[in-house]
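These values consider heavy atoms only, across backbone and side chains, with no hydrogens, waters or symmetry-generated copies. Remember, it's a predicted structure, so these values are computed and weren't measured experimentally. One-based numbering, in listed order, for ligands and for the atoms of each.
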Amino acid sequence: MFQTRYPLALKDGALTLPDTGSIVVFGPAADANLSDLPKDRCVIVAPDFPVHNAWEKRGWTVSATPPEGEFTAAIVCVPRAKALAQAWIAAASAATNGGLIIVDGQKTDGIESLLKALSKRSTTQGVISKAHGKIAWMTDADVADWAATTNVLPDGFITRPGVFSADGIDKGSAALIAALPKDIKGRVADLGAGWGYLARHILSHENVAELHLVEANITALDCARENIKDERVQFIWGDATTHVNVTPYDLIISNPPFHTGRKGDPDIGRAFIRSAANNVKVAGQFIMVANRHLPYEETLSQHFNEVAEIGGTSAFKVIRCAKPRRAKR
Ligand SMILES: C[S@@+](CC[C@H](N)C(=O)[O-])C[C@H]1O[C@@H](n2cnc3c(N)ncnc32)[C@H](O)[C@@H]1O
């Protein structure tokens with residue numbers, strides 16, 4: 001609720017934004033209202049492709065990664081992942097050279113513990129609580145040790161703050177690999193490919209001619225680029241729900257997301273299923289994994305003539321779909 005707390009912070013001159021210079025805004029949600037900010041002086045940091053697109057369409061300057069350059073103020077809209085929140089605050093403080101940073105977030109995303117830690121590391125200028133969250137502004141933040149670092153997992157994969165399952169292999173993805181057929185070949189796509197865990201397994205099949213990794217989060221895709229060195233791979237920063245490949249795929253795999261921004265949302269998984277049906281060959285197959293409680297069955301049978309559970313665990317179901325129901329392409 002940045003749009004609720006920020007005007008309160010400005011009220012009576014408690015918080016004053018510098019009259020000149022650029023302002024960097026980390027992580028506003030696609031539907032946030034930033035109309036109180038000077039649009040022509042702001043750069044929005046949006047690592048997720050759909051959010052990036054939404055801001056760009058509204059005429060804002062957007063960067064997928066923290067931009068180079070000097071800024072007179074920085075705003076951090078706190079994300080749920082603590083490591084990413086800290087990394088953005090460190091980048092914000094570096095971008096303003098220890099100048100003004102404004103940190104806004106919900107209690108459910110950990111704003112209170114973050115501000116408690118920051119109060120010992122900066123000169124707090126003001127704090128306001130409102131709408132189940134807080135906004136605070138400060139200078140001289142000593143947070144260089146919060147900067148993003150690369151995490152190396154035991155089997156050599158690297159991850160960075162904010163990517164899905166940054167601390168290890170997701171159990172759902174492991175269940176998906178265990179259930180995949182032994183004879184994978186042809187043109188394959190992974191929708192929502194993350195940092196490339198599934199990709200390494202797919203590429204171990206020598207008859208795979210091409211693998212398209214479609215991923216919305218630039219940090220995850222950049223990790224995948226470092227994790228997967230193989231000429232058969234195309235790294236696609238994009239929205240899997242609108243992804244269209246000219247030539248349909250023999251196999252599409254996915255461990256689809258079940259959140260949009262901060263909210264749980266089975267519709268995003270349903271949109272992945274629709275996209276898979278539109279992009280798979282008539283004789284191809286789509287194999288996905290999902291938490292058992294997620295209600296995808298109706299959507300799956302709307303879009304595929306054959307749907308069968310082929311594996312999983314007590315927590316995850318792996319589903320194979322074939323014979324997509326769609327106009328011939
Ligand atoms: C459940 S994770 C699976 C990641 C990876 N396949 C794995 O097995 O570790 C879902 C992934 O989808 C990505 N994602 C979310 N929305 C997306 C979209 N609209 N288009 C493409 N990728 C998206 C997320 O960033 C995340 O990396």
Side-chain angles (χ1 to χ4, degrees), residues 27 29-30 46-54 64-65 79-81 84 151 153 155-180 188-203 211-228 233-245 249 251-276 278-279 286-294 296 311-313 315-319:
D48 286 317
F49 185 87
V51 181
H52 190 282
N53 248 5
T65 52
R80 181 165 286 170
L84 182 61
N151 187 20
L153 302 182
D155 46 10
F157 285 111
I158 63 113
T159 69
R160 298 212 172 87
V163 305
F164 170 78
S165 211
D167 296 329
I169 290 152
D170 176 57
K171 289 196 173 108
S173 302
L176 174 57
I177 284 191
L180 284 175
V188 182
D190 179 357
L191 301 184
W195 43 260
Y197 170 63
L198 299 172
R200 192 181 281 181
H201 175 82
I202 297 293
L203 293 163
L211 172 62
H212 290 187
L213 301 183
V214 185
E215 170 57 47
N217 184 269
I218 197 80
T219 312
L221 196 70
D222 285 344
C223 290
R225 279 185 226 275
E226 291 180 47
N227 287 326
I228 307 295
V233 177
Q234 277 185 39
F235 298 91
I236 301 167
W237 185 49
D239 183 348
T241 68
T242 53
H243 175 71
V244 178
N245 204 54
Y249 299 106
L251 170 67
I252 298 180
I253 57 167
S254 188
N255 177 359
F258 39 91
H259 284 97
T260 305
R262 293 159 179 85
K263 293 178 220 127
D265 177 14
D267 281 347
I268 178 87
R270 294 187 182 115
F272 269 56
I273 293 166
R274 266 194 301 280
S275 172
N278 287 334
N279 280 295
F286 168 51
I287 304 179
M288 66 172 283
V289 64
N291 282 295
R292 285 212 173 268
H293 71 270
L294 288 168
Y296 291 142
T313 62
F316 297 98
K317 51 192 173 189
V318 178
I319 301 168

Enumerate the protein residues lying less than 4.0 Å from ligand 1, judged by heavy-atom distances, in chain and residue-number order. Phe164, Ser173, Gly192, Ala193, Gly194, Leu198, Glu215, Ala216, Asn217, Gly238, Asp239, Ala240, Asn255, Pro256, Pro257, Phe272

With sequence neighbours left out, what residues match [X] under side chain to side chain contact (heavy atoms under 4.5 Å, CB included)?
X      : value
Asp222 : Ile218, Arg225
Asn291 : Phe258, His293, Leu294, Phe316
Ala240 : Leu191, Val214, Phe272

Glu215 side chain to Gly194 backbone, donor-acceptor under 3.5 Å: yes

Donor-acceptor check, side chain of Trp237 to backbone of Ala216, threshold 3.5 angstrom: yes or no? yes

Are any of the side-chain heavy atoms of His52 and Pro47 separated by less than 4.5 Å? no

